[in-house]
Amino acid sequence: MTRRTLRRYSAALLALVMACALALSALAAGEGGGTEDLTILFTHDTHDHFLPMPDEAGGEYGGYTRLATVLKEQRAAADNPVVTLDAGDFSMGSLFQTIYATDAPELRALGAMGFDVTTLGNHEFDYRAQGLADMLRAAVESGDPLPALVQANYKPPEGDADTWAAWNEYGITDYTVVERDGLRVAVFGLLGVDADECAPMSGMEFEPIADAARRVVAQIEAEAEADYVICLSHSGTDGARGEDYELARAVDGIDVILSGHTHTTLAQPIEVNGTLIVSCGEYTQNLGVLTVGKEGEAAALRSYELIPIDETVADDPELSALAAQFKTMVDADYLSQYGMTFDEVLASSSFSFTPIGQFAQEQREDPLGSLIADSYVHAVREAEGEDYVPVDFAVVAAGVIRGSFAQGDITVSDAFNVSSLGSGADGTPGYPLISVYLTGRELRDAFEVDASVTPIMPAAQLYGAGMTWTYNPNRMIFNKVTACAQVLEDGTRVPLEDDRLYRVVTGLYSGQMLGTVNSKSFGLLTITPKDENGVPVEDFEDCIIYNQNGSEVKEWYALASYLRSMGTVDSRYAAPEGRKAAVDSWNPVELLKAPNWITLLALGIVLVLAALVVFIIYRLATRRRRRMHRSGGGKSSYRRYRG
């Protein structure tokens, strides 16, 4: 072979190597028939947080006004196609929700920030089906840009023509396809079991999420020619467990699950069955940024980041103007009837209450809960005037407390944020207070729920006024309470009477949850709310407390009016007062004294098992001795024979 021929072959080989390298590079970059990478900007559980909130640790966090700035920056910096998605509960969490049904500020804000798709969380149903329908119509009638809405398994019943009409007018579908720079991204929405249970007045029909997901994924595969399939799931996850974790295990073909509802913050995605599960936390504290690609048919993680939305981020002028517009509407359309304004200072506090991020994480009395319970008593006394019937026990559950107070001035907006959920029978924002009656025996059962269920369900923790209870966390479940008493107005403590009816005041939602104690405790505890005559309550809206003008007494207004009556927050709320106390003891006497039937049954089972073990050991020992006796006798005879 000549030198010229050798050079020719070498040049050809080099060209072939370079062509292969270019082909591989193009394939990695998403060219030449591959699937291009996709960047997903996402939020969930933003709960009407238009404005930044003070961070109890210092500084500020969140706010649509700052989130909008970061969204623009991330879109401008992205090298890939970008979609912006939200996994539900965009409403209910601040005073802006008071114009939810009339002006749809949340969907209009999401549209203004450029969100492509969102789904419905349980709190979108706080104003019931009618409130949702009114909100959807208001959003469409505004003419503003709006995100697409997807919801596959939580829909109005066939007979609810009005809600279906609003549903169709907005254009809610099981899934939608977002086309971005040549990529087709299919997005569908789901709502989970726990979220459904948290929306007792939704009026919707529920399809199991795995069944709905299989159905929709199959439909997407048949119709959409999608490059990526993303699920906006308002179901929740907590590490390697939770509804979204189980959903990913059960259903193939989902590339990404954006997991809302449980307010989880995942520092890294969870990968299950080829699906990436992500969560960025609640209240616009972070913007989630996920970039994915495809390796074969499976989604592949390229990068993941949670970008803090804090005081270092500048406010977006357009969103700030929109928030100011809605704020004026809140003052005029809602707060004016209470003689209050958005930024009015109600009281000043020389100390901070437990930050909401830490609230109810420990099983103990908390001054914020005590303050709220006391405000209920104050509000009922003010509303009933000369007709006031003494409140024996006012109680609030941790799950309905949504904010806290930092040191300094407390405004109307701050007070509303703490007790911001729901609506009443009048259809206006805010859960009203209700009055029911429980026997002394049922109150003990309520205290047992607090003592026994709280470790596994922090939202069930109770904070009260007018009663005190002590428990030992080491005792048998549902027999942890060792003492309880009623606290009279002069501070005197008197024992509870089993069959006496006590007046109990709480919020409408918490009252509705009282009846679930029977099922949640597997029938071991029984609580049946009654009227003053001892007749079981069938409709809790019949128990709503009204003021002298015939208006519902709202939870948030009870708190706001109590704070305003003090001016300066009483220093007794700076620390626990002994309303609820834990006595942690392993002393056998303390563990077994005053046993109820649950403990007695457990002890009986233990004694029977112990007796059975002793009997088995005795039988085995007896049988062994007999065998040894027979064996020993044989050896003796053998030795005699040999001798």
Side-chain angles (χ1 to χ4, degrees), residues 44-45 47 86-92 118-126 128-129 132 149-157 160 163 172 174-175 187-217 230-254 256-264 266 270 272-273 275 277-279 282 397-400 421-422 449 453-461 509-510 512-523:
H44 55 85
D45 299 288
H47 288 293
D86 177 80
D89 268 7
F90 46 76
S91 59
M92 307 302 147
T118 186
T119 190
L120 300 173
N122 52 289
H123 284 293
E124 272 69 79
F125 298 92
D126 276 6
R128 313 180 195 200
L132 174 67
L149 259 171
V150 289
Q151 177 48 252
N153 75 315
Y154 205 61
K155 301 177 181 180
D160 188 353
T163 305
I172 300 177
D174 288 2
Y175 79 92
V187 185
F188 69 100
L190 298 172
L191 186 139
V193 174
D194 186 74
D196 174 41
E197 292 178 353
C198 291
M201 295 180 289
S202 72
M204 299 293 111
E205 292 186 341
F206 179 84
E207 178 185 2
I209 58 174
D211 294 347
R214 290 190 193 96
R215 172 176 56 79
V216 176
V217 169
I230 300 173
C231 175
L232 306 181
S233 179
H234 200 78
S235 305
T237 191
D238 182 12
R241 60 179 179 170
E243 292 186 57
D244 284 329
Y245 184 88
E246 296 303 322
L247 172 65
R249 287 181 59 186
V251 181
D252 297 331
I254 304 174
V256 177
I257 294 177
L258 305 186
S259 181
H261 181 57
T262 49
H263 293 198
T264 302
L266 292 176
I270 301 170
V272 186
N273 189 27
T275 299
I277 304 173
V278 293
S279 293
E282 75 280 19
V400 301
L421 299 183
V449 170
V453 176
T454 292
I456 58 175
M457 189 184 298
Q461 184 161 191
Y509 181 82
S510 298
Q512 291 168 329
M513 292 298 103
L514 283 174
T516 67
V517 168
N518 304 342
S519 59
K520 294 292 185 183
S521 67
F522 307 103

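For reference, positions follow the sequence shown, starting with 1.
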Write down the atom of [X], the atom of [Y], and the distance for their closest heavy-atom approach.
X	Y	result
Gly236	Thr262	CA-OG1, 3.4 Å
Gln512	Pro200	OE1-CG, 4.0 Å
Ala460	Val453	CB-CG1, 4.1 Å
Gly399	Leu421	O-CD1, 4.3 Å
Asp196	Leu191	N-CD2, 3.5 Å
Ala129	Ser202	CB-O, 3.6 Å

Can you name the residues that form a side chain to side chain donor-acceptor pair (under 3.5 Å) with [X], not counting sequence neighbours?
X	answer
Glu243	none
Glu207	Arg215
Thr237	none
Ser235	Ser233

Which distance, rounded to the nearest 0.5 Å, do you find between the [atom1] of [X] and the [atom2] of [Y]?
X	Y	atom1	atom2	answer
Leu247	Ile257	CG	CD1	4.0 Å
Ser259	Asp244	OG	CG	3.5 Å
Glu197	Asn122	CD	CG	11.0 Å

Restricting to ring pair (Phe, Tyr, Trp, His ring centres under 6.0 Å), what partner residues turn up for [X], sequence neighbours left out?
X	answer
Phe125	Tyr154
His234	His261
His123	His47
Tyr509	Tyr431

Inset, instruction - Could you pull out all residues at least two apart from Asp252 that satisfy salt bridge (Lys or Arg N to Asp or Glu O under 4.0 Å)? - result: none

What I'd like to find out is whether the side chain of [X] reaches to under 4.5 Å of the side chain of [Y], using heavy atoms alone.
X	Y	answer
Ile230	Phe188	no
Asp86	Leu232	no
Met204	Pro156	yes
Thr119	Leu190	no
Thr275	Val256	no
Gln151	Asn153	yes
Ser279	His44	yes
Leu258	Cys231	no

Inset, instruction - Check the pair Asp174, Val150 against side chain to side chain contact (heavy atoms under 4.5 Å, CB included), reporting the backbone distance first and the verdict last. - result: CA-CA 5 Å; Asp174 288 2; Val150 289; over 6 Å; no

For [X], side-chain contact (heavy atoms from CB on, under 4.5 Å) partners two or more places apart:
X	result
Pro458	none
Arg241	Asp238
Ala398	Phe359, Ala360, Gln461, Tyr463

Legend entry - Charged N-O contact under 4.0 Å between Lys155 and Asp160: no

